[in-house]
Student: 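Take a look at the following structure, please.
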There are 2 protein chains.
Amino acid sequence: MRGRTTAAQVRKDLSHFGSFGKRGLGYKVEELRQRLRQILGVDRLWKVALIGAGRIGSALFEYPAFESRGYECVAIIDSDPDKIGTNWNNLQIRSPDHLESLIRGLGVELVILAVPARAAQEMAERAVEAGIEGILNFAPIRLKVPTRIPVEDVNLVMQLEALSFAITQRGPAA
Amino acid sequence: MRGRTTAAQVRKDLSHFGSFGKRGLGYKVEELRQRLRQILGVDRLWKVALIGAGRIGSALFEYPAFESRGYECVAIIDSDPDKIGTNWNNLQIRSPDHLESLIRGLGVELVILAVPARAAQEMAERAVEAGIEGILNFAPIRLKVPTRIPVEDVNLVMQLEALSFAITQRGPAA
DNA sequence: GCATGTGAATAGGTTCACAGCC
DNA sequence: GGCTGTGAACCTATTCACATGC
């Protein structure tokens, strides 16, 4: 069954956070929307640092949805000497040497980790040490960070493999 | 609790597909690895078409893990006239006009959809019509395709929002 | 003795059915 | 009457404990 979103499911999920509608009447959509934005924590601006200015980092940086959805990139870090000092959109690429002071100075809360696997763990640890609160991780490793720090993994190879598995499971197609 | 992978869990999962070890002895790692590759369907080469040659598409195309993990990009499609005809790595970018014949002619099995949301549904339908078997979807919409076609969604904004939620839930950090 | 494989117990999450309130 | 909110039923997935075979 493909993730059909049922009415009962939505009501149950909402009930986990409170009661938002009026029986027999329905929901005030805009009000509900605002309440949900509060609950999700997307009713404010989040300060993001991009660690890794390679292809993925560049694609993300240009991705308009981030800024428009409340995620502001306030720092770009990369270890490539050819990149350090150059600008993306008026934002200067900085060396990882300054990671901690950058994060602390700018009040960075989230980190997008788009560096090679071998560098990811160290960068993550230093970012956590500097006080960030969450990590969006593109490196194909399981980061070891304190449990208080949420990590979201993006693993595109795994997702392709999930497709391969689903296709293989249901037998060769017609 | 952060996704701790337990021994019992692994055994239970394996048991779903068969019996691979010897009691009291353990698993032959390389043999197990091959069996699992078969089950996952990653023991062969998959032919992939990249639809959308923007920033994300470009990042993916250059991503070495794909090729090395058995996913071969055999076609790039984009509607931008400035891109059509140019080459990425000896692969010519083609117009979506030829989508169906390209897919059929090259035996494309998987599609990576990295086009703007407004174009995604149409491209998906045409790709399915042409016989592809699965979609890795970067467009932030729920594609409507036959249930026999598995879809994996990549939604980076949602993953950032998941971080925002997790952080907000556990109360402002120390 | 030791590590796998598996039924039983448990936990977690979804679906159902209806009570409660407009 | 209609739509929300929710306890109960149900179903799936994880954890446990041990039987099984080397």
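All chains are named by letter (A, B, ...) in the order of the sequence lines, taking the proteins before the strands, and each is independently numbered beginning at 1.
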Student: Which other residues belong to the hydrophobic cluster containing A:I132, where Ile, Leu, Val, Met, Phe, Trp and Tyr are joined when side-chain heavy atoms lie under 4.5 Å apart, directly or via other members?
Tutor: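 Its cluster mates, by chain and number, are A:I51, A:V74, A:I77, A:L99, A:L102, A:I103, A:L106, A:V108, A:V111, A:L113, A:V115, A:M123, A:V128, A:I135, A:I141, A:L143, A:V145, A:I149, A:V151.
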Student: What is the distance, to the nearest angstrom, from the CG atom on B:L14 to the P atom on D:dT14?
Tutor: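 Interatomic distance, CG of B:L14 to P of D:dT14: 13 Å.
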Student: Sub-3.5 Å donor-acceptor pair from the side chain of B:N89 to the main-chain atoms of B:L91, do we have one?
Tutor: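 Absent.
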Student: When you compare the protein's N or O atoms with those of nucleotides 2-4 of chain D, which come within less than 3.5 Å of each other, and at what distance?
Tutor:
residue, atom, partner, partner atom, Å
D:dG2, N2, A:G24, N, 3.4
D:dC3, O2, A:G24, N, 2.7

Student: Under 4.0 Å between a side-chain N or O of A:Q9 and OP1 or OP2 of C:dT15?
Tutor: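 A:Q9 to C:dT15 OP1/OP2: side-chain N or O found under 4.0 Å.
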Student: B:K12 has an atom NZ; how far is it from atom P of D:dC18, in whole Å?
Tutor: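 In whole Å, D:dC18 P and B:K12 NZ are 15 Å from each other.
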Student: Taking B:G41's backbone N and O only, do any of them form a donor-acceptor pair with B:W46's side chain (distance below 3.5 Å, no angle check)?
Tutor: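 Answer holds: yes.
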Student: Does a salt bridge link A:E109 with A:R44, judged by any charged N lying under 4.0 Å from a carboxylate O?
Tutor: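 A salt bridge is present here (some side-chain N lies under 4.0 Å from a carboxylate O).
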Student: Between atom CZ in A:R4 and atom P in C:dG13, what is the gap in whole Å?
Tutor: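 Between P of C:dG13 and CZ of A:R4: 22 Å.
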Student: Any carboxylate oxygen within less than 4.0 angstrom of a Lys/Arg side-chain nitrogen, looking at A:R35 and A:E30?
Tutor: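 Looking at A:E30 together with A:R35, the answer is no, because their closest N to O distance does not fall below 4.0 Å.
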Student: Could you state the atom-to-atom distance from CG of A:D13 to P of C:dG12 in whole Å?
Tutor: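 After rounding, the reported distance stands at 16 Å.
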Student: May I have the distance from B:F17 (atom CZ) to C:dT4 (atom P), rounded to whole angstrom?
Tutor: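 That distance rounds to 18 Å.
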Student: Check the orientation of B:Y71 and B:F66. Use parallel for under 30°, tilted for 30 to 60°, and perpendicular for over 60°.
Tutor: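 Judged by the thresholds at 30° and 60°, the geometry between B:Y71 and B:F66 is perpendicular.
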